[in-house]
Amino acid sequence: MDRPLIGVTVSRRSGWRIFPLIAFNVWLAGGRAIRWQAGRDADVDAVHGVVIGGGDDISPDFYGGEFVTAARLDPARDELERRLVSEAWTQNTPILGICRGAQMMNVALGGTLHQDAYKVYTTSRHVWTVLPRKTVCTAEGSRLARLMGRKGLRVNALHSQAVKDLGDGLVIAARDEGGMVQAVERIRDPFALGVQWHPEHLFYLRRQRRIFRALVTAARAYRSRTGQIGAVAEEAEMEPLPA
């Protein structure tokens, strides 16, 4: 079967090194990725799924936060990704948000962020690494929990912001040990999952590869105009993971 086409947003500054890694993960999952960034054409109608990638902090102008002088911002990318999330939501196109992408998905749907999340969640373990050194707990009954096959996950962390108030249609799918939100999801079509960590760096872990496979499965369902959430759940059940 032809591989579903996935549009992937990256920054103009670091996209040259991040996009190949995400594209590799999408390929392993059965899809094909194209690169989107500010200043280039990006059309939701042309793809079957969307990845909003990681990167710089989101401007507080987008959610009513206060400006932080230490933050590195990319207003052009903010505008592009907010548009893409809104269009994908309207057109029933599945979305995966990675770190900043999870935050953008939340903000584009009307939510807010903690600009310095570790000042709020003082007992959350503050690590900065692409290695799986942080523990997160999936919410009981969440789709992410069923996808991962367990409650506790070891993940990486490269973020300072985190979800505060939830965007329209989203629910919390995971928190860390200090209570900070680490994943959000949608409980009905279109498939939408946002994770605070970077699964593209963890392709050697079978559970983490399932995140990209879920997106590609949802993209196939979108292309065939069948149920996305049901397709993802069915595939997860067909390939059970060890406890």
Side-chain angles (χ1 to χ4, degrees), residues 1-55 77 80-102 104-105 108 130 143-144 147-148 156 183 185-186 189-195 197-236 238-239:
M1 181 181 293
D2 291 341
R3 292 172 176 264
L5 187 60
I6 310 296
V8 178
T9 67
V10 292
S11 77
R12 288 175 292 190
R13 178 177 51 83
S14 60
W16 63 272
R17 62 182 173 83
I18 299 299
F19 174 75
L21 186 55
I22 296 178
F24 173 65
N25 280 271
V26 170
W27 183 266
L28 287 179
R32 179 168 60 93
I34 60 171
R35 177 175 167 178
W36 286 343
Q37 65 185 50
R40 293 186 179 183
D41 290 338
D43 184 3
V44 171
D45 287 331
V47 300
H48 308 109
V50 174
V51 174
I52 306 296
R77 185 180 179 191
L80 170 68
E81 291 180 338
R82 182 167 65 172
R83 172 178 69 80
L84 292 172
V85 171
S86 297
E87 290 178 358
W89 205 249
T90 300
Q91 296 170 207
N92 214 42
T93 308
I95 311 171
L96 170 63
I98 296 174
C99 197
R100 166 199 161 92
M104 175 55 74
M105 190 169 74
V130 297
R143 298 190 184 282
L144 180 63
L147 187 66
M148 297 289 98
N156 51 26
E185 65 183 21
R186 181 171 166 84
D189 286 358
F191 171 88
L193 173 64
V195 296
W197 61 95
H198 287 263
E200 72 272 24
H201 288 287
L202 303 174
F203 57 87
Y204 51 88
L205 298 177
R206 188 176 169 192
R207 281 186 170 84
Q208 297 298 323
R209 293 199 302 272
R210 276 194 158 197
I211 292 173
F212 287 96
R213 183 175 297 182
L215 174 69
V216 172
T217 297
R220 285 200 183 98
Y222 166 78
R223 185 173 61 182
S224 63
R225 299 297 187 264
T226 56
Q228 298 170 29
I229 297 296
V232 171
E234 183 178 352
E235 182 173 272
M238 289 174 61
E239 188 191 5

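Model, not experiment: these values are computed from the prediction. Side-chain atoms are counted along with the backbone in the values below, which use heavy atoms only and exclude waters and symmetry mates.
- N25 and P199 get closest at one heavy-atom pair: OD1-O, 4.0 Å.
- Annotation: side chain of I211 is in contact with side chain of M148 (closest heavy-atom distance under 4.5 Å).
- Every residue was checked against the salt bridge (Lys or Arg N to Asp or Glu O under 4.0 Å) condition with R186, not counting sequence neighbours, and none meets it.
- By the side-chain hydrogen bond (donor to acceptor under 3.5 Å, both in side chains) test, E185 pairs with no residue at all, sequence neighbours left out.
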Residues 38-50 side chain polar contacts: donor-acceptor under 3.5 Å, at least two apart:
| unit_1 | atom_1 | unit_2 | atom_2 | d |
| --- | --- | --- | --- | --- |
| D43 | OD1 | D45 | N | 3.0 |
| D45 | OD1 | Q91 | NE2 | 2.7 |
| H48 | ND1 | L5 | N | 2.9 |

*For F19 and V8, what are the C-alpha separation, side-chain angles and deciding distance, and is it a side-chain contact (heavy atoms from CB on, under 4.5 Å)?*
CA-CA 7 Å; F19 174 75; V8 178; 4.0 Å; yes
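- Not counting sequence neighbours, the partners of S224 by the side-chain hydrogen bond (donor to acceptor under 3.5 Å, both in side chains) test are T226.
- Partners of Q208 by side-chain hydrogen bond (donor to acceptor under 3.5 Å, both in side chains), not counting sequence neighbours, listed by chain and number: W197.
- The closest side-chain heavy-atom distance from M104 to T9 is not below 4.5 Å.
- The side-chain heavy atoms of H198 and I98, taken from C-beta on, include a pair separated by under 4.5 Å.
- For R83, the salt bridge (Lys or Arg N to Asp or Glu O under 4.0 Å) partners at least two apart in sequence or on another chain are E87.
- Under the side-chain hydrogen bond (donor to acceptor under 3.5 Å, both in side chains) criterion, T93 pairs with no residue at all, not counting sequence neighbours.
- Residues passing the salt bridge (Lys or Arg N to Asp or Glu O under 4.0 Å) test with R82, sequence neighbours excluded: E79.
- Using a 4.5 Å heavy-atom threshold, the side chains of L193 and L215 count as separate.
- Nearest approach of Y222 to P94, heavy atoms of both residues: CB-CD, 3.8 Å.
- Scored by the side-chain contact (heavy atoms from CB on, under 4.5 Å) test, A214 finds L147, F191, V232 as partners (sequence neighbours excluded).
- Annotation: side chain of E81 is not in contact with side chain of W36 (no heavy-atom distance under 4.5 Å).
- E200 places none of its side-chain heavy atoms less than 4.5 Å from the side chain of F24.
- Residues satisfying the salt bridge (Lys or Arg N to Asp or Glu O under 4.0 Å) test with R213, not counting sequence neighbours, are E239.
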